[in-house]
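First the structure, in the form of structure tokens, and then the observations on it.
Here is how names work: the chains are called A, B, and so on, in the same order as the sequence lines, proteins then strands, and each is numbered from 1. Side chains included, hydrogens not; waters and symmetry mates left out as well; all remaining heavy atoms used.
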2 protein chains.
Amino acid sequence: MTSSPLACAACPVRDRAACSALDEGERGDLARLGRHRVLSPGEVLFAADEANDRCATLVSGALKIGTVESDGSERILSLIHPAGFVGELFAPVAHFDVTALTRSEVCVFSRREYEAAVERYPALARALLRRSSEDLLGARSLMGIVARTSARDKVAGFLLAMGEAASDSPCHPAATFELPLSRSEVAGLLGLTIETVSRQLTALERSGAIRRNGLRGIELVDAAQLGN
Amino acid sequence: MTSSPLACAACPVRDRAACSALDEGERGDLARLGRHRVLSPGEVLFAADEANDRCATLVSGALKIGTVESDGSERILSLIHPAGFVGELFAPVAHFDVTALTRSEVCVFSRREYEAAVERYPALARALLRRSSEDLLGARSLMGIVARTSARDKVAGFLLAMGEAASDSPCHPAATFELPLSRSEVAGLLGLTIETVSRQLTALERSGAIRRNGLRGIELVDAAQLGN
DNA sequence: CGACGCATTGATTGTAATCAAAATTAGTGG
DNA sequence: CCACTAATTTTGATTACAATCAATGCGTCG
């Protein structure tokens, strides 16, 4: 774990994250409260049932929000992409684990200080509300994919969603991208087993919908075949 | 459809909804912008792809947020309980349908005017942020249920979640409650078929976990059997 | 090179979808 | 109030599909 002050000037999500709603002076105030931190793949940022005293903005990489079930298996509830915000501002203890999927950069804040900033800067509250609304939209879209009945539709919809998340343009998915999740994690997200995910991927490749480059590289050849 | 001015004094969610964050004068301002409306079961409040120019707080009853798939089947993405807020403040067109499940009372606002109020009253922005965060938590909890692999676990988890939603106390589920959803809607929510939902309910009843009163009445006899 | 973790492939079983029918409930009008 | 129809739910039989069990391939790292 590394940690250092913020350098907002060079921040890649400078004008998409919640803090982008602030003016120069306000941003400077907030920057003094935060710490830049780099997470390695698999590194835990926040853990469920621990004191919930921090929050963070994701600058680069990808995070997962999940829980481990009573039987020990992991269930992924949400993915966080750059400019996303994590941390439960209104709960005393964290409900979920937040873990880095890839090498990730985050700005970590003390929850108490961040909440004070939300009180002090109404623009920050509105920006967070906007982020939260978008997260809610994303969570519901994902729900529509996970609740499908056939494994093929789940995997196809998941690939499309990941392509869209990896894309710069809001509407069209990226033609080629890297999955930030292992097979086990994809399975835990979609409510399938590792083997079924694997089989569906090979089936989609054989049918010409996708091509695979290595274990995690995906090329969307015929997005129409993946549904809509 | 009926519509009339608001009478906040008698509002049952007076101190849980977003507007509860406002002081008397502010609340009065907001009340002048809203219209009280009663929805019959099945009545559509907002429709997907329509102009997204309104938002609402649910006062009593229950709403569903859903989409109809390309094959015509319905997929439910979220349930809204009293004090919940619906409407996409930051999207030009609505992504989802919002429909009453039971007879429901809502306070409907013009989105433009509500957004202006959010700008004017920082406390309202913070209250909405809080609501939104709670909705996000709820969406993720539901995801954890829907992504289960076995039909039994899905139905069991769903019943527990509905019991908790129907309860006054935050932690313990209500011992007895009415499902606001038809079998078809439960199936659409959980990614199962009507028949499977029905069979799982009878199985749970035979095993002594629940008892049924009529088509929609549920009594939680042995909550431990439903998992955790 | 060998060992480990992860992914794919194969064979079999179990479970949920599908197809079909009966039963229950709700809604309507006489 | 009751008969009748329509809609919803339950139950049954069969099929299809995904989970499970098991083994093999692949890539990374000591």
Assign each of B:Val197 and A:Thr149 to its nearest nucleotide of DNA chain D by heavy atoms, then name whichever residue's nucleotide is nearer the 5' end.
B:Val197
Please confirm whether the ring centroid of A:Phe85 lies under 6.0 Å from the ring centroid of A:Tyr114.
yes
Nucleotide C:dG5, atom C1' - distance to CZ of A:Arg216 in whole Å
12 Å
The side chain of B:Thr202 is closest to which nucleotide in this list: C:dA16, D:dT11, D:dT9?
D:dT11
B:Glu74 CD - D:dT8 P separation (whole Å):
12 Å
Basic-acidic side-chain contact under 4.0 Å: B:Arg212, B:Glu205
yes
C:dA17 phosphate, OP1 or OP2, under 4.0 Å from B:Thr193 side-chain N/O:
yes
What nucleic acid atoms does A:Gly214 come within less than 4.0 Å of, heavy atoms only: base, sugar-phosphate, or nothing?
nothing
Just the rounded figure in Å: distance from P of D:dT8 to CG of B:Leu201.
17 Å
Base, sugar-phosphate alone, or nothing: which one does B:Glu185 contact when heavy atoms must sit under 4.0 Å apart?
nothing
Any salt bridge linking A:Arg111 with A:Glu88? Criterion: basic side-chain nitrogen under 4.0 Å from a carboxylate oxygen.
no
What's the closest nucleotide to the A:Ser198 side chain, out of C:dT9, D:dT10, D:dA19?
C:dT9
Taking A:Glu134 for its side chain and A:Arg131 for its backbone only, find out whether a donor-acceptor pair lies under 3.5 Å.
no
5'-most by nearest nucleotide on DNA chain D - A:Glu195 or A:Ser150
A:Ser150
Starting at CG of A:Asp153 and ending at P of D:dA16, how long is that distance when rounded to a whole Å?
18 Å
Spacing of A:Leu192 atom CG relative to C:dG14 atom C1', expressed in whole Å:
16 Å
Check the pair B:Arg216 / B:Ile218 against side-chain contact (heavy atoms from CB on, under 4.5 Å), numbers first and verdict last.
CA-CA 6 Å; B:Arg216 297 192 169 197; B:Ile218 297 286; over 6 Å; no
From C-beta outward on A:Arg199, which listed nucleotide comes closest to its side chain: D:dA19, D:dT20, D:dT11?
D:dT20
When all nucleic acid strands are considered with a 4.0 Å heavy-atom cut-off, which category describes B:Arg212: base, sugar-phosphate, or nothing?
sugar-phosphate
What is the distance from CG of B:Leu215 to C1' of C:dG27, rounded to the nearest Å?
14 Å
Starting at CD1 of B:Ile194 and ending at P of C:dA17, how long is that distance when rounded to a whole Å?
11 Å
Tell me what A:Gln200 touches on the nucleic acid: a base, only sugar-phosphate, or nothing, going by heavy atoms under 4.0 Å.
sugar-phosphate
Base of C:dT9, side chain of A:Arg183 - is there a donor-acceptor contact under 3.5 Å?
no
In whole angstrom, what separates A:Arg148's CZ from D:dA18's C1'?
17 Å
